[in-house]
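What follows is a single structure, written as structure tokens, with notes after it.
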Amino acid sequence: MRERSLQLLEWYDVHARSMPWRVPPADRKAGALPDPYGIWLSEVMLQQTTVAAVRDYWRKFMGLWPTVADLAAAQDADVMAAWAGLGYYARARNLLKCARAVVADHGGVFPPDHDTLLTLPGIGPYTAAAVAAIAFDQPETVLDGNVERVMARLYDVHTPLPAAKPELMALAKALTPQERPGDYAQAVMDLGATICTPKSPACGICPLRDDCMARIAGTAPVLPKKTPKKPVPVRRGIAYVVRRDDGAWLLETRDPKGLLGGMLGFAGSDWSDDPQPAPPLDAEWQQLDATARHTFTHFHLELTILWTRVPGNARPARGHFVPHNDFSPTALPTVMRKVFDLVADSLPFG
DNA sequence: GACCCGTGGTA
DNA sequence: TTACCAAGGGT
């Protein structure tokens with residue numbers, strides 16, 4: 001067991017990917033550790049999200065809020081706007097809750113142990129282990145999609161996910177070394193991301209190829225097995241775009257719970273098989289030729305766009321007018337950004 | 001365990 | 001174009 005983890009660490013010493021939040025293996029071996037705040041921020045952003053998508057957001061957040069105390073003191077709307085486009089917006093809401101809990105309950109310092117980290121909002125089993133291992137070099141075992149795949153192949157596990165998780169966790173734990181656990185955690189994930197990939201794994205250049213039971217059995221490309229997913233339905237809806245004569249846009253902050261919770265958006269109907277009209281004010285609505293299409297995790301959405309212009313004395317039943325100069329489309333979640341772009345492309349007042 | 005929750009890249 | 005997939009967490 002120890003042999004395999006050492007092979008992986010030697011591979012990582014040469015092939016570690018460079019990331020803005022990462023301390024390279026040479027520096028860690030010399031005793032350097034990363035800022036726990038930056039590691040926590042990166043791990044939350046990386047939940048179900050690719051490294052490529054995270055890089056710029058991480059830099060932006062570190063520039064706007066360099067410490068956990070800065071983030072804890074930020075306005076909710078500013079954080080949600082900065083997160084716009086990254087998805088899974090409950091992460092941003094929990095990010096703020098967590099930062100404020102660290103300041104209020106832990107003296108503004110991230111706790112180093114797994115069990116205490118686990119009590120914080122937005123930190124689950126994976127992120128608690130990742131922060132403990134990467135930021136504090138604790139011998140915790142991370143189990144993410146990469147590690148699941150590497151373990152399933154290394155030991156030729158055919159039990160489908162997610163039922164296989166306990167088994168894969170036990171295998172991953174047995175492989176975790178006491179030396180350099182932080183580098184080891186990152187090494188397994190780098191291996192999964194670059195060599196032991198979901199499709200067409202590069203077994204020929206894998207540092208664990210001689211030990212890999214799935215490679216020997218020829219089953220690596222079909223592992224890990226997964227229980228089939230349900231088909232995603234199509235839902236429809238109506239988006240109402242209102243432009244006031246002075247250029248202001250009618251927007252609303254969505255309910256903090258549920259889909260796109262806490263994010264800015266245009267007023268709209270429900271999203272369902274048979275959406276009911278729900279205009280935010282009385283007006284002569286014009287239908288846009290184009291339809292906004294967007295796919296969420298569990299359904300496809302087709303949005304009909306109705307637009308209108310209203311005078312300065314208009315009083316909407318829902319939402320609020322945002323002056324043209326205060327409005328930034330980048331603060332919108334992607335589906336609302338698509339609506340905005342279609343309106344801007346089709347109408348003279350874009 | 002089941003379900004909800006975004007987005008962009010890739011084949 | 002469709003379907004899968006990515007450093008998961010909350011309920």
Side-chain angles (χ1 to χ4, degrees), chain A residues 16-17 19 21-22 39-58 80 83-95 97-98 117-135 140-150 160-166 169 172 182 184-194 196-201 221-222 224-235 254-263 265 271 293-301 332-338:
Chain A
R17 290 182 292 171
M19 301 174 192
W21 51 85
R22 174 176 283 181
I39 293 302
W40 161 73
L41 179 62
S42 74
E43 289 301 339
V44 173
M45 288 183 166
L46 285 163
Q47 291 166 5
Q48 295 292 286
T49 308
T50 58
V51 170
V54 164
R55 285 181 192 275
D56 288 348
Y57 280 91
W58 186 87
M80 299 311 288
W83 195 277
L86 197 53
Y88 283 137
Y89 298 100
R91 293 185 297 173
R93 301 195 298 272
N94 286 328
L95 192 79
K97 286 184 191 170
C98 183
L117 287 164
L118 199 51
T119 68
L120 292 166
I123 297 188
Y126 164 76
T127 305
V131 172
I134 298 171
E140 297 292 340
T141 300
V142 296
L143 187 69
D144 72 328
N146 289 304
V147 182
E148 288 171 357
R149 188 168 57 255
V150 171
L161 286 167
K165 282 195 178 200
M169 182 53 150
Y184 174 77
Q186 298 178 91
V188 191
M189 293 190 283
D190 270 22
L191 185 77
T194 62
C196 196
T197 50
K199 297 170 185 173
S200 317
V222 302
K225 297 195 171 174
K226 299 190 176 181
T227 55
K229 296 170 185 173
K230 296 193 313 182
V232 297
V234 177
R235 296 184 191 169
R254 300 172 62 86
D255 187 284
K257 293 181 177 183
L259 192 66
L260 309 180
M263 297 300 292
W271 296 346
R293 298 175 192 280
H294 189 72
T295 298
F296 293 97
T297 310
H298 52 293
F299 65 93
H300 301 290
L301 179 65
L332 299 173
T334 298
V335 63
M336 297 297 171
R337 178 66 181 276
K338 287 180 180 177

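Note on naming: letters A, B, ... go to the chains in the order of the sequence lines (proteins, then strands), and numbering restarts at 1 for each one.
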- What interatomic distance, in whole Å, is found between C1' of dT1(C) and the corresponding atom of dG8(B)? 16 Å

- Give the rounded distance in Å between these two atoms: CD1 of I123(A) and P of dG9(C). 9 Å

- Message: Rounded to whole Å, please give me the gap between CE in M189(A) and C1' in dA6(C).
- Response: 12 Å

- Item | N or O in side chain of Q47(A) less than 4.0 angstrom from dG8(C) OP1/OP2 | no

- Message: I need the full list of salt bridge (charged side-chain N to carboxylate O under 4.0 Å, His left out) pairs touching residues 47-56 of chain A, with sequence neighbours left out, sorted by first then second residue.
- Response: D56(A)-R59(A)

- Query: Which comes earlier along DNA chain C counting from the 5' end, the contact point of A128(A) or that of T50(A), where each point is its nearest nucleotide?
  - Reply: T50(A)

- Task: Have a look at M336(A) and say if it touches a base, only the backbone sugar-phosphate, or nothing, with a 4.0 Å heavy-atom cut-off.
- Result: nothing

- Mind calculating the distance between CG (L161(A)) and C1' (dG8(C)) to the nearest angstrom? 13 Å

- Over how many whole Å does the gap from K97(A) atom NZ to dG10(C) atom C1' extend? 10 Å

- Item | Distance in angstrom units between R55(A) CZ and dA6(C) P, rounded | 18 Å

- Note on the structure: In this structure, CG of L95(A) is separated from CG of L120(A) (nearest 0.5 Å) by 11.5 Å

- For dG9(C) versus dG1(B), give the span between their C1' atoms, rounded off to a whole number of Å. 15 Å

- Query: When all nucleic acid strands are considered with a 4.0 Å heavy-atom cut-off, which category describes A185(A): base, sugar-phosphate, or nothing?
  - Reply: nothing

- To the nearest angstrom, the CZ-C1' distance between R93(A) and dG9(C) comes to 12 Å

- Message: Test your reading of the model: is there a side-chain donor-acceptor pair from R149(A) to the backbone of G192(A), 3.5 Å cut-off?
- Response: yes

- Give the rounded distance in Å between these two atoms: NE2 of H298(A) and C1' of dG10(C). 14 Å

- Query: Do Q186(A) and R22(A) meet the criterion of a side-chain donor-acceptor pair at a distance under 3.5 Å?
  - Reply: yes

- Comparing G258(A) and A163(A) on DNA chain B - which has the more 5′ nearest nucleotide: A163(A)

Could you run down the sub-3.5 Å N/O contacts of the protein with nucleotides 2-5 of chain C?
none

- Message: Once you apply a heavy-atom cut-off of 4.0 Å, does G261(A) come out as touching a base, just sugar-phosphate, or nothing?
- Response: nothing

- Query: When the nearest nucleotide of DNA chain B is assigned to L260(A) and to K230(A) on a heavy-atom basis, which residue is associated with the more 5' position?
  - Reply: K230(A)

- Would you check if there is a donor-acceptor pair between the side chains of Y126(A) and E43(A) at a distance under 3.5 Å? yes

- Task: Remember a base hit wins even if backbone is also touched, and classify T127(A) as base, sugar-phosphate or nothing at under 4.0 Å, heavy atoms.
- Result: sugar-phosphate

- Task: Give one of base, sugar-phosphate or nothing for L86(A), where a contact means two heavy atoms less than 4.0 Å apart.
- Result: base

- Message: Using a heavy-atom cut-off of 4.0 Å across all strands, would you classify T49(A) as base, sugar-phosphate, or nothing?
- Response: base

- Comparing N94(A) and L46(A) on DNA chain C - which has the more 5′ nearest nucleotide: L46(A)

- Report the C-alpha distance between V147(A) and V150(A) in whole Å, list the side-chain angles of each, state the deciding distance to 0.1 Å, and finish with yes or no for side-chain contact (heavy atoms from CB on, under 4.5 Å). CA-CA 5 Å; V147(A) 182; V150(A) 171; 5.7 Å; no

- Task: Taking atom C1' in both dG6(B) and dC5(C), compute the distance separating them and give it to the nearest angstrom.
- Result: 13 Å

- Message: Closer than 3.5 angstrom, by distance alone: can the side chain of Y57(A) be matched with the main-chain N or O of S42(A) as a donor-acceptor pair?
- Response: no

- Item | Opening and closing nucleotides of DNA chain B in contact with chain A, under 4.0 Å to non-hydrogen atoms | dG1(B) to dG8(B)

- May I ask you to check whether F296(A) and H298(A) place their ring centres under 6.0 Å from each other? no

- Message: Go through it in stages, so that I can follow the logic: the residues are T297(A) and Y88(A), the test is side-chain contact (heavy atoms from CB on, under 4.5 Å), and I'd like the CA-CA distance, side-chain angles, deciding distance and then a yes or no.
- Response: CA-CA 10 Å; T297(A) 310; Y88(A) 283 137; 3.7 Å; yes

- Message: Rounding to an integer number of Å, can you tell me how far R91(A) CZ sits from dG9(C) P?
- Response: 11 Å

- Query: Counting any heavy atom closer than 4.0 Å, what does R22(A) reach on the DNA or RNA strands: base, sugar-phosphate only, or nothing?
  - Reply: base

- Under 3.5 Å: donor-acceptor pair, side chain of R93(A), backbone of P256(A): yes

- Could you tell me whether the side chain of R91(A) and the main chain of M45(A) form a donor-acceptor pair under 3.5 Å? yes

